[in-house]
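What follows is a single structure, written as structure tokens, with notes after it.
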Amino acid sequence: MAFPLLTVLALVPIVGAIVLFFVKGHVGKLVGYGFALTTLVLGVLAFILHSQEAVLAEEVSWIPAIGAHYALDLDGMGAILVLMTVLIVPAVLLAEWHTGDEPGARWGGSTFFALALLLQGFALYVFMASDILLFYVAFEATLIPTYFLIGGYGRARRSAAAIKFLIYSLAGGLVMLVAVAGVYAVTAGAGSPSFLIADLVGLDIDTNLGRWLFAGFFFAFAVKAPLAGLHTWLPDSAEQATPGTSTLLVGILDKIGTFGMIKICLQAFPEASQWATPVILIWAIVSMLYGALMAFGAKDLLRLVSYTSISHFGLMVFGIFALTSQSMSGSIFYMLNHGLSTAALFLVVGFMMRRRGSADIDAFGGVQKVAPVLAGVLLMSGLSALSLPGFGNFVAEFLVLAGSWQRYPVHIAFLVLAMVLAAVYVLRMYKTTMTGPVTEQVATHVTTDLTLREKAVVAPLIALLLVFGFLPKPVLAVADDAAQATMATVGVTDPAPQAEEGN
């Protein structure tokens, strides 16, 4: 295309962030929200153009000496995650409209808006980058606004949580940097240095070296996703940050991990990906079960939602490395639906916290009697998270299970167990907080139901989850194309259907 739509899409929120460092107060928030809505329009336009098979790609030489390019393209998976990103950010900004207005707040609300827009712009660059060095720069740049969002707003131990987030993320990023340098060495040795992912596909890389490079990238993405053992930064960060920041963290930033596993690990290192698959599948199952069990025992609502995400990321990773088109398509579709359902959960929990003044599950009880709309929204958000039929999450989880069954029937039993546990911890949370007699604390503090603004935050999220549950084809067709293309690049095919005995 002559018009650089992808560059404009990524730069609009970044420009908006810069503007908000000069325009403060209520006017600044209105201006920032205008930039978020503009990005939403551009993102939806890009998704529609991609679904109509328009070629969206931009490439210019960036650092010729090392073969780096400013290269963006919008493949199917990138288009879905761009759509998810531009949908979530306006909901977060509207939900956090009064953040920073509190007496004694470290920074104002317009600064929160600026940091959120900056994070959005960098994330969009990650989802559209087709040059590994550009991907890495944007990957690391997302840490800056996220660190200040966690450390600048939230609860008492937010500074410690922000530092822990930064340490883990920098560790993963430094390991990835070594792998990026290895990519340069490999391509330079082949005669033409390049960081373009397309140039790595099909490149003859020494088996052992390819496996080491794969491990470097995968480690960084496993920290970001995160998988069990590399996850401890997430519950602390989500618990101490504002609900809106936690939404950006889990709904958008963590998807970079699963996105990178497909975009770079599978496509650039197909042999190493197949070599590592048995271990990764077990690791994914452990993450699913660990996250579910920890969510079951969590006492803090924000911590509970973060542990559910660790479990769900395990399912996404399993679907990716089951290496069937159906399971991979389900994982890609799950990224979108998980982003929306997690946003709904975190934000409605934020509404509960603002009323009650606490995120402790035991601090609630009988809320549905005094705030029935709030209770209904929490129930709908929870049902989407546990993948009730009718929500997009169900379609995604079913595809992962159906696509993985023929190759890994024993593994599937553990996946199903984690899904059963999801129903238990979600319904238990709802029962404890919303049903039963109205406690004295709830009667004192929870005196209003959802406001019009709060309804405007969650209604579109739940509506989209229902639309994707009943009408998944428009988005799922894009995910299918992305999965098929990745399977072809990796060089694997779906298992042949097994004939019934006696036929």
Side-chain angles (χ1 to χ4, degrees), residues 5 7-47 82-125 142 144-146 148-154 241-249 251-253 339-340 343-344 346-351 353-355 377 448-464:
L5 176 61
T7 294
V8 172
L9 171 61
L11 286 181
V12 164
I14 295 175
V15 171
I18 295 171
V19 170
L20 290 193
F21 283 111
F22 299 97
V23 182
K24 303 293 185 180
H26 185 69
V27 174
K29 293 179 184 179
L30 290 174
V31 171
Y33 204 72
F35 276 97
L37 292 179
T38 303
T39 308
L40 171 61
V41 172
L42 292 172
V44 171
L45 174 61
F47 179 85
V82 164
L83 179 65
M84 178 197 72
T85 301
V86 300
L87 288 170
I88 288 177
V89 170
V92 168
L93 296 184
L94 192 58
E96 297 281 8
W97 195 264
H98 297 298
T99 295
D101 295 342
E102 307 89 351
R106 181 179 300 181
W107 298 320
S110 60
T111 303
F112 181 95
F113 276 45
L115 292 170
L117 288 172
L118 201 60
L119 173 58
Q120 181 185 37
F122 293 147
L124 289 171
Y125 263 117
T142 60
I144 300 169
T146 308
F148 287 109
L149 282 168
I150 297 171
Y153 304 88
T242 68
T245 299
S246 300
T247 300
L248 296 173
L249 190 65
I252 297 176
L253 198 67
L340 298 177
F346 269 127
L347 296 180
V348 74
V349 165
F351 301 153
M353 291 170 57
R354 289 189 181 95
R355 285 162 170 77
V377 169
T448 60
D449 210 336
L450 292 187
T451 65
L452 181 61
R453 175 181 60 84
E454 291 168 336
K455 292 174 184 176
V457 170
V458 294
L461 298 174
I462 294 174
L464 285 169

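Quick caveat, the model's predicted, so the values are computed rather than measured.
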(message) Rounded at 0.5 Å granularity, tell me how far CD1 in Ile18 sits from CZ in Phe21.
(response) 8.5 Å

(message) Please report the interatomic distance CD1(Ile88) to CG(Leu93), rounded to the nearest 0.5 Å.
(response) 12.0 Å

(request) Indicate the atoms forming the closest heavy-atom contact of Gly43 with Leu9, along with that distance. (result) N-CD1, 3.5 Å

(message) Please determine whether side-chain contact (heavy atoms from CB on, under 4.5 Å) holds for the pair Val89 and Thr39, giving the CA-CA distance in whole Å, both sets of side-chain angles, and the decisive distance to 0.1 Å.
(response) CA-CA 9 Å; Val89 170; Thr39 308; over 6 Å; no

(request) Sequence neighbours left out, what passes ring-ring contact (aromatic ring centres under 6.0 Å, His included) with Phe35? Give chain and number order. (result) none

(message) Any side-chain to backbone donor/acceptor pair from Tyr153 onto Ala241? Under 3.5 Å, distance only.
(response) no

(request) Write down the atom of Val31, the atom of Val23, and the distance for their closest heavy-atom approach. (result) CG2-CG1, 4.5 Å

(message) Can you list everything that forms a side-chain contact (heavy atoms from CB on, under 4.5 Å) with Val41? Sequence neighbours excluded, please.
(response) none

(request) Answer whether the closest heavy-atom distance between the side chains of Ile144 and Leu118 falls below 4.5 Å. (result) no

(message) Can you list everything that forms a side chain to side chain donor-acceptor pair (under 3.5 Å) with Thr245? Sequence neighbours excluded, please.
(response) Thr242

(request) Applying side-chain contact (heavy atoms from CB on, under 4.5 Å), name anything that partners Leu83, two or more places apart in sequence or on another chain. (result) Val44, Phe47, Leu87

(message) My understanding is that only residues two or more places apart in sequence, or in another chain, count here; which of them pass ring-ring contact (aromatic ring centres under 6.0 Å, His included) with His98?
(response) none

(request) Enumerate the residue pairs fulfilling salt bridge (charged side-chain N to carboxylate O under 4.0 Å, His left out) with a member in residues 19-31, sequence neighbours excluded, ordered by first and then second residue. (result) Lys29-Asp101

(message) How long is the straight-line distance from OG1 of Thr142 back to CG of Leu248, given to the nearest 0.5 Å?
(response) 11.5 Å

(request) Could you go through the side-chain contact (heavy atoms from CB on, under 4.5 Å) check for Leu42 and Val86 one step at a time? (result) CA-CA 9 Å; Leu42 292 172; Val86 300; over 6 Å; no

(message) My understanding is that only residues two or more places apart in sequence, or in another chain, count here; which of them pass side-chain contact (heavy atoms from CB on, under 4.5 Å) with Ala95?
(response) Leu347, Phe351, Val457

(message) Suppose the criterion is salt bridge (charged side-chain N to carboxylate O under 4.0 Å, His left out): which pairs have a residue in residues 110-121, not counting sequence neighbours?
(response) none

Considering only distance and modelled atom types, tabulate donor-acceptor pairs under 3.5 Å from the side chains of residues 107-117, sequence neighbours left out.
none

(message) For Arg355, is there an ion pair with Glu454 - N to carboxylate O distance below 4.0 angstrom?
(response) yes

(message) Can you give me the closest heavy-atom contact between Leu37 and Pro90, atom names plus distance?
(response) CD2-CB, 4.4 Å

(message) Donor-acceptor pair, distance only, cut-off 3.5 Å: does the side chain of Gln120 make one with the backbone of Pro13?
(response) no

(message) What I'd like to find out is whether the side chain of Leu149 reaches to under 4.5 Å of the side chain of Leu119, using heavy atoms alone.
(response) yes

(message) Under the rule for salt bridge (Lys or Arg N to Asp or Glu O under 4.0 Å), what residues qualify as partners of Arg453, not counting sequence neighbours?
(response) none

(request) Quick one: list whatever passes side chain to side chain donor-acceptor pair (under 3.5 Å) with Thr146, sequence neighbours left out. (result) none

(message) For Thr7, give me all partners under side chain to side chain donor-acceptor pair (under 3.5 Å), at least two apart in sequence or on another chain.
(response) Glu58, Tyr70

(request) Work out which heavy atom in Pro243 is nearest to a heavy atom in Met353; give both atom names and the distance. (result) CG-SD, 4.2 Å

